[in-house]
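What follows is a single structure, written as structure tokens, with notes after it.
Bear in mind that the values here come from a model prediction, so they are computed numbers and not experimental data.
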Amino acid sequence: MATHRLLLLPGDGIGPDIMAEAVKVLDWINANGTDRFETEEDLVGGAAYDAHGQSISDATMKIALDADAVLFGAVGGPKWDGVGYDVRPEAGLLRLRKDLQLFANLRPAICYPALADSSSLKRDVVEGLDILIIRELTGGVYFGEPKEIIDIGNGQKRGIDTQVYDTFEIERIARVAFELARTRGNKVTSSEKRNVMKSGVLWNEVVTALGARDYSDVALDHMLADACGMQLVRWPKQFDVILCDNLFGDMLSDVAAMLTGSLGMLPSASLGAPDATSGKRKALYEPVHGSAPDIAGTGAANPIAMIASLAMCLRYSFNMVDLADRLDAAIAAALDKGLRTADIMSDGLTQVGTTEMGSAIVAELDAASRA
Ligand code: IPM
Ligand code: MG
């Protein structure tokens, strides 16, 4: 029996609430599956700051580097609004992404049929929606230097962030987008602002050249990032894979999330390059939503994005495709039964809390596996 080592980083706010539901799924897999998952839990974000004044400790980073995969909840909250920039909760997540070199962020936006009416857009616009956003995650304005606030005299300051991309960074993320497009709708829409930004000009050139050289079988088009945001809410079903940089990907994926009914529905995978000898990738899986401190501990959080992130972990880190499919189907089945957390509730359906939703998904998984 294969054994896999997972680091669980629940983080802040609703992070621990939803992580507990992912753990229920892992317990079920350990009791019923072909593989075994060993887990270790540690602190990140504000919780880590409170414990040792850093948003992630070196010791935790070491465990993350050694683990087969990391499951991450959420970080941040008003409690830490006043802490230094370098130790703010989000810095823990950014360090994980950077130090594990998780350059490829996969954010699938799927509209479950049962949720088509929860979207702020009309049913026919979102029903059957299946988009994959590929966001570059270790470069661009998130990490570019200089990044600072400097004094320029006369009581004036200057805030500087640097948007910077090298050819290899664009090429490796574009390759991920093309490869994944081949497994689905075979279409990539590359999004940048080449009309204003030099990095956008280079992005466009590199993606175009790579497409022509290695992926001429994949349809490629280019869309300015602002237009892409507009098209996402106008007619999202025109998209298959959207390829974008770190900042545009952050924005476009929140937009895409709302199309699916709730931010509480969107999982993500952050992957590194395959290791030259073992072929294994470093990986972190997290819901796209944040820590929602206002509902933390109330039992109202939607655990679906977290559980769907675990499904992505099974799929991308352990090639357990069948189980991942069954877990995704179990989520859809719980929704089909009319179970809804508060964020996706609508008239005539059954409102449940975090733990009920998690248990219902495990029950569906269990029932389908025995059928
Ligand atoms: C996301 C989040 C993060 C980001 C924050 C928490 C740093 O918004 O994963 O989309 O900006 O990347
Ligand atoms: Mg974001």
Do Phe239 and Leu232 pass the side-chain contact (heavy atoms from CB on, under 4.5 Å) test, and can you show the C-alpha distance, the side-chain angles, and the key distance before you say yes or no? CA-CA 8 Å; Phe239 296 108; Leu232 264 176; 3.9 Å; yes
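In the hydrophobic clustering of this structure, Leu202 groups with Val188; members are Ile, Leu, Val, Met, Phe, Trp, Tyr whose side-chain heavy atoms approach within less than 4.5 Å, directly or through other members.
Salt bridge absent: Asp151 and Arg158 never bring a charged side-chain N and a carboxylate O closer than 4.0 Å. Using a 4.0 Å cut-off between a side-chain N of Lys or Arg and a carboxylate O of Asp or Glu, Lys198 and Glu192 do not qualify as a salt bridge. Between Asp58 and Arg95 there is a salt bridge, with a side-chain nitrogen of the basic residue lying less than 4.0 Å from a carboxylate oxygen of the acidic one. A salt bridge is defined here as a Lys NZ or Arg NE, NH1 or NH2 lying under 4.0 Å from an Asp or Glu carboxylate O, and Asp50 with Lys79 meets this definition. Between Glu171 and Arg213, at least one side-chain N (NZ, or NE/NH1/NH2) sits under 4.0 Å from a carboxylate O, which counts as a salt bridge. For the pair Glu205 and Arg194, the salt-bridge criterion is not met [side-chain N within less than 4.0 Å of a carboxylate O].
Taking the centre and axis of the six-membered ring of Tyr316, the NZ or CZ atom of Arg281 falls outside the cone set by 45° and 6.0 Å. Arg88 forms a cation-pi arrangement with Tyr85, by the criterion of a distance under 6.0 Å to the ring centre and an angle within 45° of the ring axis. Cation-pi check for Arg135 over Tyr142 is met; the charged atom lies under 6.0 angstrom from the ring centroid and within 45 degrees of its normal.
When the shell of 6.0 Å around CD of Gln351 is examined, it contains more than 12 heavy atoms from other residues, nucleotides or ligands. Met251 CE: 12 or fewer foreign heavy atoms inside a 6.0 Å radius. Counting non-hydrogen atoms of neighbouring residues, nucleotides and ligands closer than 6.0 angstrom, the CD1 atom of Ile149 reaches no more than 12 such neighbours.
Partner His4 forms a side chain to side chain donor-acceptor pair (under 3.5 Å) with one of Asp68, Thr39, Asp35 and no other, that one being Asp35.
A donor and an acceptor atom, one from each side chain of Asp17 and Thr354, are nowhere located under 3.5 Å apart.
Annotation: side chain of Ile133 is not in contact with side chain of Phe248 (no heavy-atom distance under 4.5 Å). For the pair Leu327/Ile307, a side-chain contact is recorded, criterion being any heavy-atom separation below 4.5 Å from C-beta on. In this structure the side chain of Thr350 never reaches within 4.5 angstrom of the side chain of Arg340, judged on heavy atoms.
Contact record, Ser55 with Gly92: OG-N, 3.0 Å, taken as the closest heavy-atom pair.
Put simply, the side chain of Asn30 gets close to the backbone of Phe37: a donor and an acceptor are under 3.5 Å apart.
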